[in-house]
Number of protein chains: 2
Amino acid sequence: MTERRTRQLAAVSEVLRAAHDHPTADEVHRRVRRKLPRVSLGTVYRNLEKLAARREVRVVQLTDRATRFDGMLDEHDHFLCEGCGMLTDLARKRPARPTCSALQRAGYTVREQTVTVYGLCPRCGAKQRSVP
Amino acid sequence: MTERRTRQLAAVSEVLRAAHDHPTADEVHRRVRRKLPRVSLGTVYRNLEKLAARREVRVVQLTDRATRFDGMLDEHDHFLCEGCGMLTDLARKRPARPTCSALQRAGYTVREQTVTVYGLCPRCGAKQRSVP
DNA sequence: CTTTCTGCAAACTCTTTGCACTCGT
DNA sequence: ACGAGTGCAAAGAGTTTGCAGAAAG
C-alpha cells in the first residue's frame with residue numbers, strides 16, 4: 001500500500017537531479033548502472049513513471065524518437081534544434097499565462113504551460129548557410 | 001528525381017486537410033483506406049514524412065504514445081487533457097515571440113514557437129472533483 | 001511476515017526498411 | 001523506358017508486462 005524507498009528509485013531520482021542534459025530512459029539506465037550495475041531497464045522505466053506521477057521529473061516529448069526526462073523542476077521552456085536534435089533549456093522571464101483565462105472561463109483546469117521553440121542552433125545555422 | 005503526384009500522397013494530404021482531430025498515422029491509414037483500400041501503412045508513413053518535410057502537415061508529439069498529425073496550418077497552440085488525452089487546438093491571439101530576440105542574439109535561428117497547455121478538460125475536471 | 005519492488009525475458013506498439021513490382025512522367 | 005513510389009512483410013526501436021524471487025516495512 002505504501003510506497004517503498006528502494007535504492008533503485010533513489011538512484012534514478014539522483015541521476016535525474018544531477019543531469020543537465022535531457023537523458024532518455026536508456027541513458028538514465030546507463031548512468032544508474034554506474035552505481036548499481038544490476039538494475040534493469042524495466043525498473044528504470046517503472047521508477048521514471050513513478051517520479052513523473054509525483055511530478056519530480058518532467059517528461060519531454062518532442063519530434064525525437066525516444067522520450068526524454070528532465071530533472072529541472074523550475075518553470076522553463078525548451079528550444080529544439082531541428083538540425084542536430086539538441087534540446088536546450090530556456091529561462092522563463094515571467095510566468096506568462098496569456099491563454100489560460102479564456103480556457104478557464106470555458107471550464108478547463110490549467111496545470112502547466114510550456115513554450116517550445118523550433119529552429120537551428122548556431123552551429124547548424126552556420127552549416128546550412130555555407131551549403132545553400 | 002522529381003517528386004511524383006501519386007493518388008496515395010494526394011489521399012493522405014486530403015485526409016489531413018479534412019481532419020479536425022489530430023489523427024495518428026494508423027488513423028490516417030484507416031481513413032485513406034476508405035478511398036483507396038489497398039494502401040499500406042508503410043506508404044502512409046512515407047507520405048506523412050514527405051508532407052511534414054514540405055511543412056504541409058504539422059507533427060505533434062505529446063505524452064501520448066503515438067505521434068499525431070495536424071493538417072491545420074495556421075499558427076495555433078495546443079491543450080492536452082491529462083485525464084482523457086484529448087488534444088484541442090487553441091487559437092493564437094497575436095504572434096507573440098517573447099523568447100526569440102534573446103535567442104537570436106545568441107546566434108539561434110528561430111523557425112517556429114508553440115505553446116502547449118496541460119490540464120483537465122471540463123469533463124475530466126468534474127469527474128476528479130466528484131471523487132477526491 | 002506481508003506486500004511492494006526487482007531482474008529477466010518475452011511481448012507489444014509504433015515506425016522504418018528491403019525488395020520486387022507498379023505507375024507517373 | 002526510367003526511376004520514384006508502392007505493397008508487403010519482416011526488422012528495429014522504444015516501452016510495457018508476467019512472473020518468480022528479493023527486500024522494505
Side-chain angles (χ1 to χ4, degrees), chain A residues 1-16 19 21-54 56-70 80 82 85 87, chain B residues 1-16 19 21-54 56-70 80 82 85 87:
Chain A
M1 200 71 189
T2 348
E3 229 167 55
R4 290 178 182 179
R5 276 179 225 137
T6 65
R7 55 187 92 246
Q8 290 88 338
L9 176 58
V12 169
S13 174
E14 195 179 320
V15 161
L16 273 153
D21 49 351
H22 301 76
T24 60
D26 202 71
E27 184 57 39
V28 173
H29 182 217
R30 208 167 295 134
R31 295 181 200 179
V32 166
R33 277 194 159 176
R34 298 210 276 253
K35 287 276 169 160
L36 299 168
R38 316 195 60 71
V39 173
S40 73
L41 182 55
T43 295
V44 169
Y45 272 107
R46 282 182 284 230
N47 283 320
L48 284 171
E49 190 178 11
K50 201 165 290 186
L51 291 171
R54 289 191 199 165
E56 288 181 34
V57 172
R58 214 173 275 189
V59 179
V60 184
Q61 198 96 326
L62 295 168
T63 10
D64 213 2
R65 218 200 268 270
T67 303
R68 294 169 166 278
F69 298 88
D70 192 341
L80 178 69
E82 294 175 315
L87 186 62
Chain B
M1 201 73 189
T2 349
E3 227 168 56
R4 291 179 181 177
R5 277 180 226 135
T6 64
R7 54 189 92 243
Q8 291 88 338
L9 176 58
V12 170
S13 173
E14 194 178 322
V15 161
L16 273 153
D21 49 351
H22 300 77
T24 61
D26 202 72
E27 184 56 40
V28 172
H29 182 218
R30 208 167 295 133
R31 294 182 200 178
V32 166
R33 277 194 159 177
R34 298 208 276 254
K35 287 275 168 158
L36 299 168
R38 318 196 60 70
V39 173
S40 74
L41 181 56
T43 293
V44 168
Y45 271 106
R46 282 183 284 231
N47 283 320
L48 284 171
E49 190 179 11
K50 200 166 289 185
L51 292 171
R54 288 192 199 164
E56 289 182 33
V57 172
R58 214 173 275 187
V59 178
V60 184
Q61 198 96 327
L62 294 168
T63 12
D64 211 5
R65 218 200 270 271
T67 303
R68 294 168 166 279
F69 297 87
D70 191 341
L80 178 69
E82 293 174 316
L87 186 62

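We name chains A, B, ... by the order of the sequence lines, and we start the count at 1 in each one.
- Within the 4.0 Å cut-off from OP1 or OP2 of C/dC5, at least one side-chain nitrogen or oxygen of A/K50 is found.
- The side chain of A/R38 sits closest to C/dC8 out of D/dT15, C/dC8, C/dT6.
- A sub-4.0 Å separation between OP1 or OP2 of D/dT15 and a side-chain N or O of A/T67 is present.
- For B/R7, a side-chain nitrogen or oxygen approaches OP1 or OP2 of C/dG24 to under 4.0 Å.
- Mapping A/T2 and A/L41 onto DNA chain D by nearest heavy atom places A/L41 at the nucleotide closer to the 5' end.
- Side-chain atoms of B/Q61 and B/T67 include a donor-acceptor pair closer than 3.5 Å.
- At the phosphate of C/dG7, OP1 or OP2 sits under 4.0 Å from a side-chain N or O atom of A/T43.
- Remark: B/Q8 is not in phosphate contact with C/dT22, judged by side-chain N or O atoms under 4.0 Å from OP1 or OP2.
- Taking 4.0 angstrom as the limit, A/T6 places none of its side-chain polar atoms (N or O) nearer than this to OP1 or OP2 of C/dT4.
- Between A/R4 and C/dT6, a side-chain N or O to OP1/OP2 separation shorter than 4.0 Å is absent.
- Note on A/D26: nothing from the nucleic acid sits closer than 4.0 angstrom, heavy atoms only.
- Comparing C/dC5, C/dT25, D/dT6 by their nearest atom to the side chain of A/E3 picks out C/dC5.
- Partner of A/V15 under the side-chain contact (heavy atoms from CB on, under 4.5 Å) criterion, out of A/R34, A/H29, A/R31: A/R31 alone.
- The side chain of A/V39 lies closest to C/dG7 when the candidates are C/dT25, C/dT15, C/dG7.
- Taking only side-chain atoms of A/R65, from C-beta outward, the nucleotide of D/dG14, D/dG5, C/dT17 with the closest atom is D/dG14.
- The phosphate of C/dT15 has OP1 or OP2 within less than 4.0 Å of a side-chain N or O from B/Y45.
- Taking atom CG of B/L9 as the reference point, atom P of D/dG5 lies 8 Å away to the nearest angstrom.
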